[in-house]
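Below is one structure; the comments refer to it alone.
For the single chain, residues carry numbers from 1 onward in sequence order.
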Amino acid sequence: MCDMYLGKPHTSSNIAWHRPQSASSLQEEELIQKSTRAVCHSTDPLDKLRLLCLSRGATGVLGLGRVFRRMDKVGNKQLNKEEFINILSLTGVEMTKEECEQLFDKFDSENRGTISIDKLIEEIRPPMSDSRRAMVEQAFRKLDKAGEGAITIDDIRKLYAVESQPRYMSGEETSEVVMNRFLENFEIDGSADGKVTLEEFMNYYSGISVSIEHDSYFDLMMRQSYKL
């Protein structure tokens with residue numbers, strides 16, 4: 001068993017940051033199980049928070065990023081230590097207060113008393129190879145035809161190739177079910193604004209990337225999904 005944690009299981013009064021009700025694929029289920037097992041053996045606070053995100057599925061990092069930004073009332077993309085610890089507690093993240101403080105201090109290396117949300121999420125996001133990042137950026141640019149730096153759910157709906165997805169090809173789900181399930185990945189905090197930034201797009205696919213061993217398969221998946 002893991003140690004006692006700062007966070008408590010979320011209720012309806014907590015900030016919504018849910019694990020998907022069911023994994024959309026065998027790969028994601030394996031990601032959830034592997035990350036959940038690894039959490040109790042992690043001694044590094046940053047690694048532990050990353051694993052806790054992945055234990056909630058491919059949308060874990062995306063969800064946490066949205067919570068941090070939603071709680072940034074000032075809009076300066078900065079959090080002080082109290083805000084940081086309170087947010088993690090409200091989301092039910094299973095980290096001790098000491099671990100949260102260690103993680104905050106790691107990012108506040110200049111002792112300014114605040115940390116950058118952008119930098120924090122960038123470090124929590126599972127690393128991807130340059131080729132994988134390039135594929136994600138290429139897909140986003142194709143969706144973002146106006147070059148506004150953000151895409152809409154409708155942009156994704158118009159381009160995302162449902163016919164290339166395994167659950168549709170196998171006949172397990174209709175095209176509508178597959179599409180809606182995929183779009184829900186970007187509406188996970190209960191307050192969808194209809195917009196998806198490049199960072200959020202990258203956060204989602206960083207979670208997907210962890211469960212895909214070979215660059216060639218990731219490349220093929222992205223090309224088929226967005227007709228690249």
Side-chain angles (χ1 to χ4, degrees), residues 1-10 14-71 79 81 83-109 115-129 132-133 136 184-186 188-189 199-215 217-218 221:
M1 296 291 291
C2 298
D3 295 333
M4 294 298 292
Y5 299 124
L6 176 69
K8 298 179 180 179
H10 58 69
N14 291 132
I15 295 174
W17 181 39
H18 306 274
R19 175 183 295 184
Q21 292 183 350
S22 61
S24 61
S25 67
L26 177 60
Q27 288 175 326
E28 183 168 13
E29 183 61 38
E30 291 175 347
L31 168 65
I32 292 172
Q33 293 179 2
K34 181 179 179 180
S35 301
T36 300
R37 290 194 299 267
V39 165
C40 289
H41 303 290
S42 178
T43 57
D44 177 74
L46 177 58
D47 180 60
K48 185 171 184 177
L49 182 54
R50 182 184 296 118
L51 288 169
L52 286 167
C53 287
L54 295 176
S55 72
R56 300 188 180 194
T59 60
V61 177
L62 170 60
L64 184 61
R66 286 194 169 182
V67 170
F68 277 133
R69 296 193 187 287
R70 185 147 56 93
M71 297 298 289
L79 296 172
K81 182 177 290 189
E83 291 171 331
F84 176 69
I85 294 175
N86 286 343
I87 290 172
L88 291 184
S89 177
L90 286 171
T91 57
V93 169
E94 298 166 339
M95 295 180 68
T96 65
K97 184 176 181 180
E98 181 181 4
E99 288 172 332
C100 293
E101 291 177 341
Q102 289 176 357
L103 186 54
F104 182 92
D105 292 341
K106 179 175 183 176
F107 285 100
D108 185 24
S109 57
I115 59 176
S116 164
I117 294 176
D118 289 343
K119 183 64 175 177
L120 176 64
I121 296 301
E122 183 179 337
E123 290 296 321
I124 293 173
R125 181 192 301 151
M128 284 193 290
S129 65
R132 296 191 186 199
R133 289 183 60 86
V136 176
E184 285 172 1
N185 290 316
F186 301 99
I188 58 177
D189 63 0
E199 178 201 84
E200 291 174 333
F201 201 65
M202 193 69 71
N203 287 345
Y204 171 72
Y205 276 105
S206 69
I208 296 293
S209 176
V210 173
S211 63
I212 298 177
E213 183 177 358
H214 301 292
D215 285 350
Y217 182 79
F218 186 87
M221 177 198 70

Find the distance between [atom1] ([X]) and [atom2] ([Y]) and round it off to the nearest 0.5 Å.
| X | Y | atom1 | atom2 | result |
| --- | --- | --- | --- | --- |
| M95 | L88 | CE | CG | 6.5 Å |
| E94 | K48 | CD | NZ | 8.0 Å |
| N86 | L79 | CG | CG | 10.5 Å |
| L62 | S206 | CG | OG | 8.5 Å |
| K97 | S89 | NZ | OG | 10.0 Å |
| I85 | E99 | CD1 | CD | 11.5 Å |

Practice problem: Could you list the residues that satisfy salt bridge (charged side-chain N to carboxylate O under 4.0 Å, His left out) with D215, not counting sequence neighbours? | Solution: R132
Self-check item: Partner set under salt bridge (charged side-chain N to carboxylate O under 4.0 Å, His left out) for E122, not counting sequence neighbours
Solution: none
Indicate yes or no: at least one non-hydrogen side-chain atom of [X] is less than 4.5 angstrom from one of [Y].
| X | Y | result |
| --- | --- | --- |
| E83 | M71 | no |
| I208 | M221 | yes |
| Y205 | V61 | no |
| I87 | V93 | no |
| K81 | D105 | yes |
| R56 | L52 | no |
| F218 | V136 | yes |
| E30 | S211 | no |

Quiz prompt | Aromatic ring pairing F201/F186, orientation class (parallel under 30°, perpendicular over 60°, tilted between) | solution = parallel
Exercise. Output all residues satisfying side-chain contact (heavy atoms from CB on, under 4.5 Å) with R37, sequence neighbours left out; order by chain, then residue number.
Key: Q33, K34
Can you name the nearest heavy-atom pair linking [X] to [Y], along with the distance?
| X | Y | answer |
| --- | --- | --- |
| L31 | A58 | CD2-N, 4.2 Å |
| C53 | L64 | SG-CD2, 3.7 Å |
| I32 | S55 | CG2-O, 3.3 Å |
| S35 | L54 | OG-CB, 3.2 Å |

Quiz item: Are more than 12 heavy atoms from other residues, nucleotides or ligands located less than 6.0 Å from atom CD of Q102?
Solution: yes
Exercise. Indicate yes or no for a side-chain donor-acceptor contact from R50 to the backbone of E123 under 3.5 Å, with no hydrogens or angles considered.
Key: yes
Quiz item: Would you call E199 and R69 a salt bridge, taking side-chain N to carboxylate O under 4.0 Å as the test?
Solution: yes
